[in-house]
Protein chains: 2
Amino acid sequence: MSSDTVDGDTRPAPADPGRPDTAELSRPARRQAEIAAYVVEHGSVSANDLVEAFGVSVMTVHRDLDELERQGVVRKYRGGVTAQPTSVFESNVAYRLNTAQAEKSALARHARAMIEPGMSVMLDDSTSALALVDLLEDITPLTVATNFLPAISKLTGLRDVTLLALGGIYSATHDSFGGMPCAEAVEALHTDFLFCSVSAVSPTHAFHQEEEIVLVKRAMLRSARTKVLLVDHGKLQRTALHRLAPLTDFDVVVVDEKTPADLVQALRDNGATVEVAPL
Amino acid sequence: MSSDTVDGDTRPAPADPGRPDTAELSRPARRQAEIAAYVVEHGSVSANDLVEAFGVSVMTVHRDLDELERQGVVRKYRGGVTAQPTSVFESNVAYRLNTAQAEKSALARHARAMIEPGMSVMLDDSTSALALVDLLEDITPLTVATNFLPAISKLTGLRDVTLLALGGIYSATHDSFGGMPCAEAVEALHTDFLFCSVSAVSPTHAFHQEEEIVLVKRAMLRSARTKVLLVDHGKLQRTALHRLAPLTDFDVVVVDEKTPADLVQALRDNGATVEVAPL
DNA sequence: GCTTCTTATCGCGATCTGATGTTATGTTAT
DNA sequence: ATAACATAACATCAGATCGCGATAAGAAGC
């Protein structure tokens with residue numbers, strides 16, 4: 001029972017330089033993310049393999065796998081699991097691993113500066129938007145519309161914030177509401193601001209992995225006066241399946257300070273209004 | 001500093017026979033409910049009065065009052081608080097005090113028996129509906145639509161349940177979403193069942209305190225095939241401001257076993273289909 | 001300006017929840 | 001039928017959170 005991998009975990013976490021930052025994620029969540037990566041890499045693994053690889057009990061492995069299956073990242077069969085088409089992995093695990101905490105909060109601070117009391121803002125289901133929620137508390141009164149459950153939960157606690165929940169079909173993968181019902185709810189609104197993020201950004205366009213998400217984001221773009229795209233530099237080299245919109249559809253594209261200067265220039269050359277958020 | 005009212009609380013809670021059942025409510029929540037009742041009764045009281053009356057520190061009193069103000073039950077002014085128009089108190093505190101746990105869960109069990117895998121059900125923002133949520137887990141697959149945040153939170157965890165969140169304007173008083181946006185979201189649906197509750201039931205009609213709530217409930221009534229009203233016997237002697245709908249609009253009215261026989265008969269005499277849920 | 005009330009911050013203690021392993025009881029394949 | 005695997009049902013432990021008060025700093029009224 002590989003006693004070297006058990007508890008007494010006082011080490012400051014594996015860290016694994018080169019990989020995304022996994023700190024400040026709950027232990028099981030981190031392990032699940034790592035398991036997911038492991039499964040995607042190996043295509044198909046047995047539960048016992050995972051027991052050995054991660055030094056936890058079978059029971060725990062199964063619990064993790066159940067959770068990952070619930071999120072649609074893997075499929076279970078008797079004896080093990082297989083990876084699902086990568087898109088889900090991308091948008092889920094990437095989201096969980098790739099915290100980029102510092103960048104996100106820099107973007108959020110920059111965004112916050114645009115908002116003034118009395119305004120209405122719309123937020124999408126992104127961690128960047130979530131970071132912004134924490135900063136809204138004292139820009140009151142304020143109206144906030146979002147389809148992101150964690151954001152909704154946080155906002156219910158705030159006084160002087162009119163919360164407009166955008167309902168729809170719940171997606172465990174994103175922990176948000178989507179689909180047609182959500183798009184319709186969005187159509188019925190018009191807010192001063194939209195703050196959103198996407199999974200990938202090319203010099204000319206914003207991209208996203210999933211079609212249903214694109215549906216909602218497009219609706220959001222139509223329903224806000226000033227549209228702000230929050231981009232941490234990790235997004236800039238990546239690519240994704242569906243083209244969401246040209247960057248010129250956004251009034252502002254905010255990038256973090258770590259973004260290479262040439263990439264910023266490339267965005268500007270293509271007509272985007274880019275602002276750099278200091279860390 | 002009245003040391004007799006402090007901690008060491010091994011007593012099985014004051015109980016206060018004659019008053020609604022306040023057990024299984026968190027301590028602060030219970031105290032807040034009692035404070036609310038106290039304020040409503042006295043119309044206007046000072047913070048210090050409450051310190052003495054409840055044997056807690058000023059700080060705690062203020063925290064409680066802040067929470068109650070957030071819920072719209074009281075209004076603070078320098079030195080104390082005043083009660084707000086009773087309707088809010090009714091629908092909020094009554095909801096918190098009057099748990100009637102046993103009855104609710106009896107109603108829920110009865111309701112659950114009507115549901116079969118594959119169906120779609122709509123739930124309103126009532127504690128009765130919440131009790132039902134706990135029983136849905138193994139009637140899968142299932143589609144559930146609700147505007148009640150606690151229900152939504154619970155349902156996000158369930159696999160094989162398609163959750164359709166009904167968005168709208170968040171109400172701290174009810175911990176649910178409402179208003180026009182919500183009503184519109186409801187209009188767009190059509191479910192097999194609606195399970196709902198109201199604040200008061202006369203022999204012929206269902207009533208509710210608040211207009212906006214009525215708006216949503218009416219929409220729900222229009223959007224379900226089979227409408228079920230869950231009524232614990234406490235509701236039957238009470239009255240409320242707005243008439244929601246005649247009882248004959250419901251396909252079934254479920255009451256708990258403790259309901260006096262003559263009241264059940266009265267409902268039936270007026271044309272309602274009444275079923276009694278065994279405890 | 002002084003008093004009274006309110007809010008912010010910290011710390012302690014009790015409580016709760018979450019995470020995990022173990023044992024026991026199904027299930028499925030061979 | 002039997003072995004391998006999966007789930008269910010406790011028990012335990014640790015960490016996080018909550019509830020609360022005390023003190024201190026900050027408004028608001030007189």
Side-chain angles (χ1 to χ4, degrees), chain A residues 1-3 5-10 12-13 23-35 44-70 74-82 137-138 140 153-154 157 159-160, chain B residues 1-11 13 23-35 44-70 74-82 137-138 140 150 153-154 156-160:
Chain A
M1 232 159 265
S2 54
S3 63
T5 47
V6 211
D7 265 321
D9 195 349
T10 31
E24 117 287 326
L25 221 55
S26 83
R27 183 124 85 96
R30 180 168 59 237
R31 187 187 50 241
Q32 281 161 23
E34 286 167 8
I35 287 180
S44 152
V45 299
S46 80
N48 283 330
D49 288 353
L50 293 169
V51 169
E52 293 189 10
F54 291 88
V56 292
S57 73
V58 207
M59 196 61 235
T60 300
V61 165
H62 278 292
R63 274 190 279 245
D64 286 348
L65 294 180
D66 284 346
E67 174 59 19
L68 290 173
E69 182 173 52
R70 194 183 71 85
V74 302
R75 188 181 317 158
K76 287 181 80 171
Y77 61 86
R78 187 176 175 80
V81 290
T82 58
E137 186 149 14
D138 26 47
T140 57
S153 301
K154 283 194 177 186
R159 225 194 320 214
D160 304 320
Chain B
M1 232 156 265
S2 54
S3 61
D4 55 336
T5 48
V6 211
D7 265 322
D9 196 348
T10 31
R11 297 159 290 171
E24 115 292 324
L25 223 56
S26 82
R27 185 124 87 92
R30 180 168 60 238
R31 187 187 50 240
Q32 281 162 23
E34 286 166 8
I35 288 181
S44 154
V45 299
S46 80
N48 282 330
D49 288 352
L50 292 169
V51 169
E52 292 189 13
F54 291 88
V56 292
S57 73
V58 206
M59 197 59 236
T60 299
V61 165
H62 277 292
R63 274 190 278 245
D64 286 347
L65 295 179
D66 284 346
E67 173 59 19
L68 289 172
E69 183 173 50
R70 194 184 69 85
V74 302
R75 187 180 319 157
K76 289 182 77 171
Y77 60 86
R78 188 176 174 79
V81 291
T82 57
E137 185 149 14
D138 26 47
T140 55
S153 301
K154 283 193 176 186
T156 54
L158 300 192
R159 225 194 321 209
D160 304 321

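Just so it is clear: chains get the letters A, B, ... in the order the sequence lines come, proteins before strands, and each one is counted from 1.
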Side chain to side chain donor-acceptor pair (under 3.5 Å) partners of [X], counting only residues at least two apart:
X	value
A:R63	none
A:S44	A:Y77
B:S153	none

> Over its full length, what angle do the end axes of the helix from C:dG1-D:dC30 to C:dT30-D:dA1 make, each axis taken from five pairs and the result rounded to 10 degrees?
Replying inline: 50°

Does [X] have any side chain to side chain contact (heavy atoms under 4.5 Å, CB included) partners at least two apart in sequence or in another chain, and if so, which?
X	value
B:R78	none
B:D160	B:T140
B:E137	B:L158

Nearest-angstrom distance from the residue atom [atom1] of [X] to [atom2] of [N]:
X	N	atom1	atom2	value
B:E69	C:dT6	CD	C1'	13 Å
B:Y77	C:dT4	OH	P	17 Å
A:I35	C:dA19	CD1	C1'	13 Å
A:E67	D:dA6	CD	C1'	18 Å
A:D66	C:dA19	CG	C1'	15 Å
B:F54	D:dG21	CZ	P	13 Å
B:H62	C:dA8	NE2	C1'	13 Å
A:E137	C:dT7	CD	C1'	14 Å

>> To check you understand the geometry: which heavy-atom pair defines the closest contact between A:V56 and A:V51, and what is its length?
In response: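 Heavy atoms of A:V56 and A:V51 come nearest at O-CG1, 3.2 Å.
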
> Would a 4.5 Å heavy-atom cut-off, applied to side chains only, mark A:E52 and A:N48 as touching?
Replying inline: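 They are not in side-chain contact.
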
>> Side-chain N or O of B:K76 versus OP1/OP2 of D:dA28: is the shortest distance under 4.0 Å?
In response: no

>> Within the 4.0 Å limit for protein heavy atoms, which parts of nucleotides 9-20 of chain D are touched? Write it as a string from 5' to 3', B for base, S for sugar-phosphate only, - for none.
In response: ----------SB

> To the nearest 0.5 Å, how far apart are CG in A:L65 and CD in A:Q32?
Replying inline: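 Answer for the CG-CD pair, A:L65 versus A:Q32, is 9.0 Å.
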
All N/O contacts under 3.5 Å from nucleotides 27-30 of chain C to the protein, with atom names and distances to one decimal?
{"unit_1": "C:dT28", "atom_1": "O2", "unit_2": "A:R78", "atom_2": "NH2", "d": "3.3"}

>> My understanding is that only residues two or more places apart in sequence, or in another chain, count here; which of them pass salt bridge (Lys or Arg N to Asp or Glu O under 4.0 Å) with B:R75?
In response: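 Checked B:R75 against salt bridge (Lys or Arg N to Asp or Glu O under 4.0 Å); zero matches.
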
> For A:D49, what residues pass the salt bridge (Lys or Arg N to Asp or Glu O under 4.0 Å) criterion, not counting sequence neighbours?
Replying inline: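 Partners of A:D49 by the salt bridge (Lys or Arg N to Asp or Glu O under 4.0 Å) criterion come out as none, since no residue qualifies.
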
